[in-house]
Amino acid sequence: MEKRRIKIRIFLWTVLGFLIAWLLYQGIVPFGEISYTCDFSKPCYNIKKITPSDRVNSENNTQKILGNPVYFSLATPRSFNQANISLKYKNDNDLPIIEAGVLKDKLLWRYDLKPIRNKIIGQLALAWRVVTGKDNTILFQRNFVQADKDIKYYEAVDDFLNALPPFDEIAVYNYDLSYNYQMDNYKPEEERVELINNLRGDYQFYTYIKDEPLNFSFNFFDLNKNKDSDEIEIFVYYNSQIIESYYLNGADIKTGEALAIGNIDLNIADLPEGAYKIEVKASDDIITKEILTSQTKISFVNKIWLADDGRENFTLHTDSWTVNGQTTNPLKLQIIKIGDSELEIEETYKLFTVNSLRDVSEIILEKDDVIISGDGLFALAEDQLFNPIIKRVDNLDLNYEGINYVLANYSSPSEINNWQFADAKFDLSEAYREDGKYSFIISIPGLRADDLIDDNLVLSQIKVELKGRTLWQKINEILSRW
Amino acid sequence: MVNMDNLRIYLYEFFYVLAGAIAIFVLLEIVWPGVVLAYVNINWVLILWLIDGIFILLANRLK
């Protein structure tokens, strides 16, 4: 009897031992590669629920996405360097653009977006000349019959990169093309003037210099309305590379009393002529009280938030095709004039949108303390507005813009039995990870849950393949530190 | 005819291993969140353990 008891005991504890060893193996991922799949037939631990719930319906083991954007988290037992996300979806409404992205910066909610489907690129493959390069890079060139002038044709992608055509004839998609933007008839000014006062939170802008120093002085205040981190970082970029950075720290307290934090003076001489991007990273608790500069060309990228300063009938200029307005302040509900259109902000915290704008539009705000955002640039005066960004093939009319070349890194989704399959690779080494989770977005521009159109994207499966350091690489790394 | 002594041995040994499993799983979850819950639902292990405990009490009453 006792022998039998011991045999059973050894067997059961051995099974438990193997189970624990397998769990540890799945957690450590000693060979650095693991994959997780969720087909929505039951809740998945690693691939979390798609949110927010008002933009997603669960139906027949699928997730019907009704509004843009939606998010999901990926719980991983350890960090990884690379993720390959595969989606199985049905796009019965022919939604033109579907992208997936991983969160890189939580403060600014910035995602690294990769294509899942781009209808324009798919159509270009049928109508334009196609030259393929390395790593899915494709150069599309407008055909002679479609072009209103003779255009130069390139035989290889490298030829194109070595002798780029004029700036306004190029568009890119999922490709980081470095272009040395130069402006004709630019004259520098010496006098330093106040550009704007009372901007709230983070912002980025482009500026242009030629034979002059890059010259800005920022004065910051802390509203102390919340306990968020009150660090302020300023980065200066030239051709997508950081060339200078600055740092200032406020007190992470919540007293409701605004306090001055200090100044950041940015003065960099001997820089080459061109467009520079300045990024101010700060929480919504931070007010830029004043910006002084001698630069005359300044275009804010995608967003500008004028803080509450009692300003009325404030004018902005934009080249955005879509302009959004939002306010958190119930006293600032208003009708914004955008060119010939009107955008009524009738509720707080809700994003209101106006579409189909062309060229440069004037925006007149009845009151300040409203977040104005869009897919283009914003300036305080029409002569300050300039756009050094190479156009991106998303919400773009190639004929209207006179684009003759499109450089893309894209592969079309495959289709089996009416289901589309597409994947996107992400670099996770700089992705934001909190509580063991990476955050992902699925972006479908134009898809809205609150409109009367019955459109949606049906998602049937998400598969994530992860790659990272092996256990032996990790051990070597630890040993090399000693 | 079920051998009650054998059954009791099985029930006791299952009870011990399930108790050990719960303790180890909880400890692992505290040290490394998600490593167990990604694959094992500890609630079911706990329910199984409780059912086993109830059967042990019943088996002892029938002794």
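Every chain is numbered from 1 and lettered A, B, ... according to where its sequence line falls, protein lines coming before strand lines.
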Trainee: Please assess B/Phe25 against A/Ile20 for the test side-chain contact (heavy atoms from CB on, under 4.5 Å), listing each intermediate value before the final yes or no.
Mentor: CA-CA 8 Å; B/Phe25 290 165; A/Ile20 289 163; 4.1 Å; yes

Trainee: For A/Leu23, is it the side chain, the backbone, both, or neither that has a heavy atom closer than 4.5 Å to a heavy atom of chain B?
Mentor: both

Trainee: Does any part of the side chain of B/Tyr16, heavy atoms only, come nearer than 4.5 Å to the side chain of A/Leu12, both counted from C-beta?
Mentor: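 The answer is no; the side chains never approach within 4.5 Å.
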
Trainee: Which residue out of B/Ile24, B/Asn6, B/Val36 racks up the most heavy-atom pairs below 4.5 Å with chain A?
Mentor: B/Asn6

Trainee: Using a cut-off of 6.0 Å, state whether more than 12 heavy atoms not belonging to A/Phe421 lie near its atom CZ.
Mentor: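 Yes - once you tally the heavy atoms of other residues, nucleotides and ligands closer than 6.0 Å, there are more than 12.
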
Trainee: How about A/Lys49: does its NZ atom have over 12 heavy atoms from other parts shown lying under 6.0 Å from it?
Mentor: no

Trainee: Answer yes or no: are there more than 12 heavy-atom neighbours, outside A/Lys90 itself, under 6.0 Å from its atom NZ?
Mentor: yes

Trainee: Are more than 12 heavy atoms from other residues, nucleotides or ligands located less than 6.0 Å from atom OH of A/Tyr247?
Mentor: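 For A/Tyr247, atom OH is crowded (more than 12 foreign heavy atoms under 6.0 Å).
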
Trainee: Verify the neighbour count for atom NZ of A/Lys463: are there more than 12 heavy atoms of other residues, nucleotides or ligands below 6.0 Å?
Mentor: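 No, the 6.0 Å shell around NZ holds no more than 12 heavy atoms from other groups.
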
Trainee: List the atom of B/Ala21, the atom of A/Leu16, and the distance in Å for their closest heavy-atom pair.
Mentor: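 Between these two residues, the closest heavy atoms are CB-CD1, 3.5 Å.
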
Trainee: Is the shortest side-chain heavy-atom distance between B/Tyr39 and A/Tyr45 below 4.5 Å?
Mentor: no

Trainee: Which region of A/Phe11, side chain (C-beta onward) or backbone (N, CA, C, O), has a non-hydrogen atom less than 4.5 Å from a non-hydrogen atom of chain B, or is it both or neither?
Mentor: neither

Trainee: First locate atom CD of B/Glu13, then atom CZ of A/Arg4, and finally report the distance between them rounded to the nearest 0.5 Å.
Mentor: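 Result: 12.0 Å between the selected atoms.
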
Trainee: With only heavy atoms counted, which part of B/Leu18 is less than 4.5 Å from chain A, the side chain, the backbone, both or neither?
Mentor: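 Neither part.
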
Trainee: Is it true that atom CZ of B/Phe15 has more than 12 heavy atoms of other residues, nucleotides or ligands lying nearer than 6.0 Å?
Mentor: yes

Trainee: Start with the C-alpha gap between B/Trp32 and A/Ile28, add the side-chain angles, then the distance that decides, and say whether side-chain contact (heavy atoms from CB on, under 4.5 Å) holds.
Mentor: CA-CA 10 Å; B/Trp32 194 352; A/Ile28 295 166; 3.6 Å; yes

Trainee: Assess whether atom CD of A/Glu430 is packed by more than 12 heavy atoms of other residues, nucleotides or ligands within 6.0 Å.
Mentor: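 No, CD of A/Glu430 has 12 or fewer neighbouring heavy atoms, counting only those of other groups under 6.0 Å.
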
